[in-house]
2 protein chains.
Amino acid sequence: MAAARRSPRLKDVAEAAGVHISTASRALNERTAALLNPQTLERVRETADGLGYRVNGMARALKTRRSLSIGMVVPDITNPFFPPTVRGAEDVLDRAGYSLLLSSTDNDLGKARRQVAAMLESQVDGLLLAMALRDDPLVNELRSGNAPLVLVNRTIDRGGVSAVVPDDFHGALEAAEHLYSLGHRRLAFVGGPLATSNGARRRASFDQTVARLGLKEVAALEAVAFDEDAGYATAQDLLTRHPRVTGVVAGNDLLAIGIIAAAAERGIACPQDISVVGFNDMLLAGRLQPPLTTIRIPQYDVGARAAELLMSLVDDPDRNPETVLISGELVIRGSTAAPRAAD
Amino acid sequence: MAAARRSPRLKDVAEAAGVHISTASRALNERTAALLNPQTLERVRETADGLGYRVNGMARALKTRRSLSIGMVVPDITNPFFPPTVRGAEDVLDRAGYSLLLSSTDNDLGKARRQVAAMLESQVDGLLLAMALRDDPLVNELRSGNAPLVLVNRTIDRGGVSAVVPDDFHGALEAAEHLYSLGHRRLAFVGGPLATSNGARRRASFDQTVARLGLKEVAALEAVAFDEDAGYATAQDLLTRHPRVTGVVAGNDLLAIGIIAAAAERGIACPQDISVVGFNDMLLAGRLQPPLTTIRIPQYDVGARAAELLMSLVDDPDRNPETVLISGELVIRGSTAAPRAAD
DNA sequence: TTGAAAGCGCTAACAT
DNA sequence: ATGTTAGCGCTTTCAA
């Protein structure tokens, strides 16, 4: 068994096939293959296969200034929202011939900066950013840079950057109305950080909807993160200060779980004593105890649309920024019910 | 506002700083910076910062033959097992200065081949493969290639390749013994594809354990995939043919969920009528209805250890292949209970 | 301590 | 239809 030798390069293929290196290059490139004599073409390709030739993408990228890779930055791939989103992006990019460079930032600006820098150094052709704050220094730096950019799931206030985001406004509205229509009159909101677009928009929508329904809002609290622990902690606060609340709109499903857990700990059962609506309809939301009533956001589509938008931006960098709103729909399950008669 | 110009290259920095390009290169490289006059060093670095210089990773990689990127291939990032695993790998790689190229194959060999080819073309310095079959053509091709390789979660029968896998044998043993100790005597196994190492090993362990306990195995079925649908379908079969089974060891948590759903549909309640043990302890497993009793595998560690192993292989390609077994532990929750007295 | 020059592997404009 | 040549942006050996 021969030792693994250095992999063959284009020159080796050319010599083995008895043609010039540029001819070999043309033969191995879809776009230029047509220029060649069919027999030469065939011969070069066979030789390449025989040698196990594989083009060196770095050399090609250096020359063509296209790496055929895209960088995607998420807060945490471990948050159930992101795997389907990443998968959607991946599928679209794959079909377009692009690879995906992925990293998690834990909402740490320094880390995000370093990771984006590394992506830019590796010459990604575009960036999918899912960690934006409403006023995000990193996004601001990047928007004036050369790499096409699409924001995912969250966007910035000032606009001017392409983004694919859920319809936060309509979603939170539906959630509040659902509780209202079940008979709930004492509603609260436990949302994510107001520094994020979806934290702020869902909150604003809740406030407006409650006012429009003629209710007096019990409370609207801001959890420090979109996760279970933050939901739990914030709900402790809520339930201590407003024990009579019967319906809660949560900023997302993870927060909802934390809220339900905090309630349960105080003997407040969901949905008997309190109804909670989540947001996203993450994986397994319907199999939880209780099954979550939630606003379903097609997470795969969010990623896929973002990747499509990015691809069109890569093809035409002068294209105007565009924001795509992905609509959600209410999915009624077991975490909401009519309030007790006594209420 | 100035239009975005071409990004500066090393030559621009050198000229602006009034030094030769090679001096600029030395200044911007940790390893060679010590060679320079401190003042020159400082001057070059400031100039580089001022220009917003960013090294072109492709050019560097072309020269150094190191891309500082690693490719990771998983069956589906949407399967809850993988996000923590990917995250573990990502964290280790990030610390080592590497980026992660990720792709999902849907257990499709052709797709996997194309994606690995793309990664190899982009000159990844190593590969993390989480989709191996026990006899995997792609792994066989790759093992003789130049890129260091570490198998994740699943390994191949013939060995000779580094791998980080859960302790399937011990895990399935604990699961079966747990059911036995609760009083169950009619046990079945619903596992994943036998073509995978964890499908086969968990099954073998179950068989042996049941025999050792002196029980007659009710059935051992092979689901077509490690997912909920396959669990549901396989459980239909199981419950039709063996309605008296009281304890089931599932190949993983998703299969367990499908099994429980199929049972519920027939009026067989978990854990009252049937006990089910999962495998992995995926995210939210404890919040499901019922909360899953399962074998907890530290998924993050699987990915982290694999990345560490790969890094050491990158540093020393002649290092001997090594298999790391990650142990699991039984986590008892609500999907298992003593069988009904009548049994 | 710095400069000169070659070359990583490839593509593409130009020449034939 | 194919060959010639320059050069993408960088690192590194060699020389001074």
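The shown structure was predicted, so the numbers you read here are calculated from the model rather than taken from an experiment. Below, chain A is the first sequence line, B the second, and so on; all start at residue 1.
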K.L.:
Mark up nucleotides 6-12 of chain C, 5' to 3', with B wherever a protein heavy atom is under 4.0 angstrom from a base atom, S wherever such an atom reaches only the sugar-phosphate, and - elsewhere.
P.N.:
BBBBBBB
K.L.:
What heavy-atom pair brings A:Thr85 and A:Val152 nearest, and what distance separates the two atoms?
P.N.:
CG2-CG1, 3.8 Å
K.L.:
Would you call A:Asp108 and A:Arg114 a salt bridge, taking side-chain N to carboxylate O under 4.0 Å as the test?
P.N.:
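No salt bridge links A:Asp108 with A:Arg114.
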K.L.:
Can you name the closest pair of heavy atoms from A:Arg154 and A:Pro75 and give their distance?
P.N.:
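Closest pair (atom of A:Arg154, atom of A:Pro75, distance): NH2-CG, 4.2 Å.
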K.L.:
Taking all non-hydrogen atoms of both residues, which atom of B:Met311 and which atom of B:Leu93 are closest, and how far apart?
P.N.:
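Smallest heavy-atom distance, with atoms named: CE-CD2, 3.6 Å.
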K.L.:
Using atom CG of B:Leu36 as one end and atom P of D:dT12 as the other, report the distance to the nearest whole Å.
P.N.:
14 Å
K.L.:
Roughly how bent is the helix from C:dT1-D:dA16 to C:dT16-D:dA1 end to end, in steps of 10 degrees, with each end axis from five pairs?
P.N.:
40°
K.L.:
How close do A:Ala61 and A:Ser67 get, counting heavy atoms only, and between which atoms?
P.N.:
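Smallest interatomic distance, heavy atoms only, reads CB-CA, 3.9 Å.
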K.L.:
How long is the span from the CE atom in A:Met58 to the NZ atom in B:Lys63, to the nearest 0.5 Å?
P.N.:
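Here the rounded value is 15.5 Å.
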K.L.:
Any carboxylate oxygen within less than 4.0 angstrom of a Lys/Arg side-chain nitrogen, looking at B:Glu46 and B:Arg43?
P.N.:
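Result for this pair is no, no salt bridge flagged.
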K.L.:
Does this structure show an ion pair linking B:Arg45 with B:Glu42, if we count only N-O contacts that are shorter than 4.0 Å?
P.N.:
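Salt bridge: no.
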